[in-house]
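For ligands, and for the atoms within them, numbers begin at 1 and follow the listed sequence. Keep in mind that the numbers below use all heavy atoms, side chains included, and drop hydrogens, waters and symmetry copies.
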Amino acid sequence: MAKLVFPKEFLWGAATASYQIEGAWNEDGKGESIWDRFAHTPGTIYENQNGDIACDHYHRYEEDVELMAEIGLKAYRFSISWPRIFPEGRGKLNPKGVYFYEKLIDKLLEKNIKPAITLYHWDLPQALEDKGGWLNRDTAKYFSEYANFMFYKFGDVVPIWITLNEPFVSAFLGYAWGWHAPGKKDMKGAFVAGHNMLLAHGLAVQAYRDGGYKGNIGITINVATVYPETNSEEDLKAAEKQDAFGNRWFIDPIFKRKYPEIIWRILEENNWSFVFPASDFDIISSPIDFMGINYYTRNIVAYDKNSHLGVKRVEGPNEHTDMGWEVYPDGLYDILIQLYRDYKIPIYITENGAAYNDTVEDGRIRDINRINYLKEHIKRAYFAIRDGVDLRGYFVWSLMDNFEWAHGYSKRFGIIYVDYNTQKRILKDSAYFYKKIIEENGVDG
Ligand SMILES: OC[C@H]1NNC[C@@H](O)[C@@H]1O
């Protein structure tokens with residue numbers, strides 16, 4: 001069995017997000033976020049669960065960093081809770097919130113684990129939502145002020161910065177479909193929110209450049225590789241539309257200074273004739289150092305005149321994870337090749353992983369299905385590098401089981417098991433598998 005060895009500097013990490021693990025939702029001066037408000041609204045979350053306590057990472061971060069070191073992580077991607085820093089979103093600072101992240105970052109650096117910070121992973125300060133949230137263009141400015149403060153505080157010790165996590169998801173699930181905070185069902189709003197998020201991204205990148213910081217800044221985009229069900233002209237067209245809508249919507253404005261054609265067509269068809277000032281695209285397209293992609297599964301589509309965009313999803317034939325997502329490792333290879341071909345930008349896989357219904361037997365979690373998932377996707381990452389993609393690193397989602405948004409705690413993505421009754425952590429077999437990958441900087445072919 002050949003060993004597929006990665007480039008020497010390849011960055012092996014794991015990822016989490018503030019609302020999903022921290023808890024301490026109203027402790028030490030933290031302001032309310034839209035996810036606190038949404039999850040406290042009955043009927044929004046599985047069994048009305050919420051992130052009030054989550055994995056209690058706010059109090060257990062030292063133990064958690066020790067576990068990261070035991071696994072041998074080279075980097076740790078986590079997000080900042082904006083309302084923990086600025087309880088009202090701007091203005092009054094919360095020193096205890098800043099201090100939490102200062103201690104976390106110091107502990108990471110002490111363990112030689114590179115911090116990779118996501119500035120926005122969906123937990124907008126509720127006080128800003130009360131002023132329109134992402135429907136209010138000023139929120140972009142407030143985001144850049146918050147980002148600027150974080151750069152000022154940690155810009156010299158944090159080498160990797162991600163402005164936004166998955167703007168498509170927060171714009172669409174939050175504003176069009178209502179499945180995520182702030183729970184709005186307003187398709188037009190999703191386009192406005194998405195645009196203001198991109199503006200926020202661009203303003204933060206400009207602030208980072210103005211500060212002269214030496215690290216790298218980018219954005220994280222969720223992608224699902226698209227395949228036509230058949231090679232018919234109609235299905236090929238449907239696949240092209242879905243790729244533009246689902247994958248390129250938030251990428252093209254950054255690299256091509258314009259939305260994909262399909263987006264404009266939707267706006268026109270609905271008479272949502274927004275006038276986005278051309279100068280916005282000058283800001284949005286401020287050059288970035290890398291693109292982060294979150295890959296979980298693919299989309300097979302076919303033409304269907306009765307569906308949204310004339311595109312219907314077709315279920316894949318392979319094994320599915322606990323999320324109902326088809327396991328399709330080749331999709332990771334294909335999307336890496338496609339994105340690097342089209343944008344020629346260094347890439348990090350900022351999330352890849354699988355939810356399975358793990359059980360503890362004799363104190364062990366034998367998550368062989370997750371091991372197989374990770375192994376097959378890591379192999380595709382290797383083949384993408386072999387075939388010319390400038391892939392810089394891989395962050396498994398997730399370091400630990402956590403609050404999976406509307407699914408609450410019912411979906412376990414972690415390589416570390418969390419017993420929510422006791423907050424006990426147990427390294428799953430996949431954590432030991434990943435430890436070996438990192439030690440050998442490679443995977444069996
Ligand atoms: O659904 C799994 C993950 N997907 N990307 C964003 C994360 O917050 C999710 O937990």
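A donor-acceptor distance shorter than 3.5 angstrom exists from the side chain of Asn402 to the backbone of Met400, with no hydrogens or angles considered. In this structure, the side chain of Ser398 does not engage the main chain of Asp401 through any donor-acceptor pair within 3.5 Å.
Going from atom CD1 of Ile300 over to atom NZ of Lys312 covers 12.0 Å, rounded to the nearest 0.5 Å. With rounding to the nearest 0.5 angstrom, the CD1 atom of Ile85 is 11.0 Å from the NZ atom of Lys30.
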Please tabulate, one line per pair, the protein nitrogen or oxygen atoms found under 3.5 angstrom from a nitrogen or oxygen of ligand 1, with distances to 0.1 Å, or say none if there are no such pairs.
residue, atom, partner, partner atom, Å
ligand 1, 1 (O), Glu404, OE2, 2.7
ligand 1, 4 (N), Glu351, OE1, 3.2
ligand 1, 5 (N), Glu166, OE1, 3.4
ligand 1, 5 (N), Glu166, OE2, 2.8
ligand 1, 5 (N), Glu351, OE1, 2.6
ligand 1, 8 (O), Gln20, OE1, 2.7
ligand 1, 8 (O), His121, NE2, 2.8
ligand 1, 8 (O), Trp405, NE1, 2.8
ligand 1, 10 (O), Gln20, NE2, 3.0
ligand 1, 10 (O), Trp397, NE1, 3.3
ligand 1, 10 (O), Glu404, OE1, 2.7

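Of the candidates Lys111, Arg60, Arg425, Glu66 forms a salt bridge (Lys or Arg N to Asp or Glu O under 4.0 Å) with just one, namely Lys111.
The shortest side-chain heavy-atom distance between Tyr356 and Phe413 does not fall under the 4.5 Å cut-off.
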